[in-house]
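Notes follow once the structure below has been shown.
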Amino acid sequence: YHRDHESSVNSVAWAPHEHGLVLACASSDGRVSILTHKDDNSWSVVPINDSKYGCNAVTWAPYGHLGSTEGDQVVKRIATGSCDNLVRVFKCAAVEGGWEWKQEAALGGQGVGHSDW
């Protein structure tokens, strides 16, 4: 089981099946965790810092659609909705020695988008 969050988990979303058995979990502690099932039947966990005010929702970008590739490589992306009224887009990028989730965009903010629940 998974106990890496310090507050309620508000949303979970399975990745498109082409990415394998991968789950994203959004929490009131302001983090999103990406859980990936491994061949030894365990799970790896990668935390993503989203918002200090908490994260309410997470979803995966569709596989194989416009914007989901860079050259001939398929890119994993998630979008989050947080209590700071922002929608953030994160991309899984190759880095030396592995992979890392990086924020690609923050949409909304003062006078744009949502201003309340």
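Index from 1, following the sequence.
- Here Val74 sits in one hydrophobic cluster together with Tyr63; the rule is ILVMFWY side chains under 4.5 Å apart, joined directly or through other members.
- Every pair tested for salt bridge (Lys or Arg N to Asp or Glu O under 4.0 Å) that includes a residue from residues 15-24 fails, sequence neighbours excluded, so the list is empty.
- Checked against side-chain contact (heavy atoms from CB on, under 4.5 Å), Thr36 has the following partners two or more places apart in sequence or in another chain: Val22, Ile34, Ser44.
- Every residue two or more places apart in sequence or in another chain that forms a side chain to side chain donor-acceptor pair (under 3.5 Å) with Ser28 is listed here: Ser8, Asn10.
- Qualifying ring-ring contact (aromatic ring centres under 6.0 Å, His included) partners for Tyr53, counting only residues two or more places apart in sequence or in other chains: none.
- Enclosure of atom CG in Asp39 is not indicated, since only 12 or fewer non-hydrogen atoms of other residues, nucleotides or ligands lie within 6.0 angstrom.
- Remark: Lys102 engages Glu100 in a salt bridge (Lys or Arg N to Asp or Glu O under 4.0 Å) (not counting sequence neighbours).
- Taking all atoms of both residues into account, the shortest heavy-atom contact from Val75 to Cys92 is CG1-O, 4.3 Å.
- Partners of Glu104 according to the side chain to side chain donor-acceptor pair (under 3.5 Å) rule, which considers only residues two or more places apart in sequence or in another chain, are Arg77.
- Taken together through direct or relayed side-chain contacts under 4.5 Å among Ile, Leu, Val, Met, Phe, Trp and Tyr, Leu21 and Val12 form part of one hydrophobic cluster.
- Applying the side chain to side chain donor-acceptor pair (under 3.5 Å) criterion to Asn41, with sequence neighbours excluded, gives His37.
- Every residue was checked against the ring-ring contact (aromatic ring centres under 6.0 Å, His included) condition with Trp14, not counting sequence neighbours, and none meets it.
- Under a hydrophobic-cluster definition in which Ile, Leu, Val, Met, Phe, Trp and Tyr are linked whenever side-chain heavy atoms come within less than 4.5 Å, directly or via other members, Val58 and Leu35 are assigned to different clusters.
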Practice task
Assess whether side-chain contact (heavy atoms from CB on, under 4.5 Å) is satisfied between Ile78 and Ile48, documenting all intermediate values.
Solution key: CA-CA 11 Å; Ile78 60 170; Ile48 301 169; 3.9 Å; yes

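- Screening residues 50-63 for salt bridge (Lys or Arg N to Asp or Glu O under 4.0 Å) gives Asp50-Arg88 as the qualifying pairs, with residues at least two apart or on separate chains.
- Ring geometry for Trp101 versus Trp60: interplanar angle over 60°, hence perpendicular rather than tilted (30 to 60°).
- The heavy-atom pair separating Thr80 from Phe90 by the smallest distance is OG1-CE1, 3.9 Å.
- Identified under the salt bridge (Lys or Arg N to Asp or Glu O under 4.0 Å) test for residues 23-33, with sequence neighbours left out: Asp29-Arg31.
- Counting only residues at least two apart or in different chains, salt bridge (Lys or Arg N to Asp or Glu O under 4.0 Å) contacts with residues 53-66 are absent.
- The two residues Cys55 and Val32 have their closest heavy-atom pair at SG-CG2, 3.9 Å.
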